[in-house]
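In this chain, numbering begins with 1 at the start of the sequence shown.
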Amino acid sequence: MSDEFFNSLGTTFPTFANKLRSHPDADVENIESGASDDDIAEIESSIGIALPESYKSLLRCAREFWLFGGSIQFGFQHPFTHDFQPFDELTPQQQQSVQRKSGGVWPPPSNGMLCFAEFFMEADGDQVLFDVSNGMINGEYPIMYYAHESQPPTVRKLADDFETFLNDFLD
């Protein structure tokens with residue numbers, strides 16, 4: 001499977017594939033076959049959001065793969081929307097946790113964004129997301145990093161588009 005994955009990736013994302021092949025610690029694992037166009041249409045229908053063509057191209061290469069021992073996970077659980085319930089619907093314990101961890105800031109700044117991978121750059125549980133709030137710009141969404149352990153949790157921009165994100169994050 002890894003030869004098929006790297007061949008497909010090399011055709012679609014040559015810069016990323018070359019960096020991945022030459023990175024000493026990438027440890028590509030949990031590679032699953034690529035998604036079909038029907039699979040992708042089903043994903044888009046279930047989330048109610050159009051996906052950028054660049055991300056769909058990655059899904060066609062592999063529906064799931066992990067890097068760096070699982071520190072970066074593109075998986076079957078992705079994509080999904082960060083959709084947080086109103087503060088007054090949280091349990092008292094959850095409300096206390098929000099007060100303690102984020103000074104009462106609710107919902108988290110990632111609310112409404114589309115998570116496409118786990119990305120433990122700063123802490124376990126951090127994620128990379130598409131900022132879908134302004135729609136696609138030139139067929140792409142900006143790529144954001146959600147640092148959930150920050151006090152309060154933060155979101156910051158990593159790239160203007162998905163392919164730039166792929167090409168740069170291994171550097």
Just by distance, with hydrogens left out, do [X] and [Y] show a side-chain donor and acceptor under 3.5 Å apart?
X	Y	value
H82	Q127	yes
T164	D161	yes
D131	S133	yes

Ignoring hydrogens, what is the shortest heavy-atom contact between [X] and [Y]? Give both atom names and the distance.
X	Y	result
P109	P153	CG-O, 3.3 Å
S150	E122	OG-OE1, 4.3 Å
A123	H148	CB-CE1, 4.5 Å
A35	I40	CB-CG1, 3.9 Å
R21	F6	NH2-O, 3.2 Å

For residues [X] and [Y], determine if any side-chain heavy atom of one lies less than 4.5 Å from a side-chain heavy atom of the other.
X	Y	answer
H78	V128	no
S57	F13	yes
F74	E64	no
E32	F5	no
L166	T15	no
F130	P79	no
C61	L9	yes
R156	M144	no

Where the side chain of [X] meets the backbone of [Y], is there a donor-acceptor pair that is under 3.5 Å apart?
X	Y	answer
E140	F162	yes
S97	Q93	no
N111	P107	no
Q73	F65	no
E89	P86	no
S45	A41	no
K19	D171	no
W66	I31	no
S71	L67	no
N167	F16	yes

Transitive ILVMFWY side-chain link [X] to [Y], under 4.5 Å:
X	Y	result
L114	Y146	no
I47	M136	yes
L59	L20	yes
V132	L158	yes
M121	V28	yes

Run the ring-ring contact (aromatic ring centres under 6.0 Å, His included) test against F68 and tell me which residues pass, sequence neighbours left out. H23
Rounded at 0.5 Å granularity, tell me how far [atom1] in [X] sits from [atom2] in [Y].
X	Y	atom1	atom2	result
K56	T12	NZ	OG1	14.0 Å
L170	N18	CG	CG	11.0 Å
I143	K157	CD1	NZ	9.5 Å
D88	Q95	CG	CD	7.5 Å

Ion pair present between D37 and R60, side-chain N to carboxylate O less than 4.0 angstrom? yes
State plainly whether the residues D39 and R63 are in salt-bridge range, i.e. N to O under 4.0 Å. no
Kindly assign one of parallel, tilted or perpendicular to the pair F119 and F169, based on the angle between their ring planes and the thresholds 30° and 60°. perpendicular
Between I43 and L51, is a side chain to side chain contact (heavy atoms under 4.5 Å, CB included) present by the stated rule, with each step listed? CA-CA 9 Å; I43 292 167; L51 297 171; 4.0 Å; yes
Side chain to side chain contact (heavy atoms under 4.5 Å, CB included) assessment of I137 paired with D160: CA-CA 9 Å; I137 301 165; D160 288 328; over 6 Å; no
For N138, I'd like to know if atom CG has over 12 heavy atoms of other residues, nucleotides or ligands within 6.0 Å. no
For E42, does the CD atom have more than 12 heavy-atom neighbours from other residues, nucleotides or ligands under 6.0 Å away? no
With sequence neighbours excluded, tell me which residues meet side chain to side chain donor-acceptor pair (under 3.5 Å) with R100. none
Determine the sole option in F165, F76, Y145, Y141 for which the ring pair (Phe, Tyr, Trp, His ring centres under 6.0 Å) test with F116 is passed. F165
Decide side chain to side chain contact (heavy atoms under 4.5 Å, CB included) for L90 and Q85; before the verdict, give the C-alpha distance in whole Å, the side-chain angles of both, and the deciding distance to 0.1 Å. CA-CA 7 Å; L90 299 175; Q85 63 193 60; 3.6 Å; yes
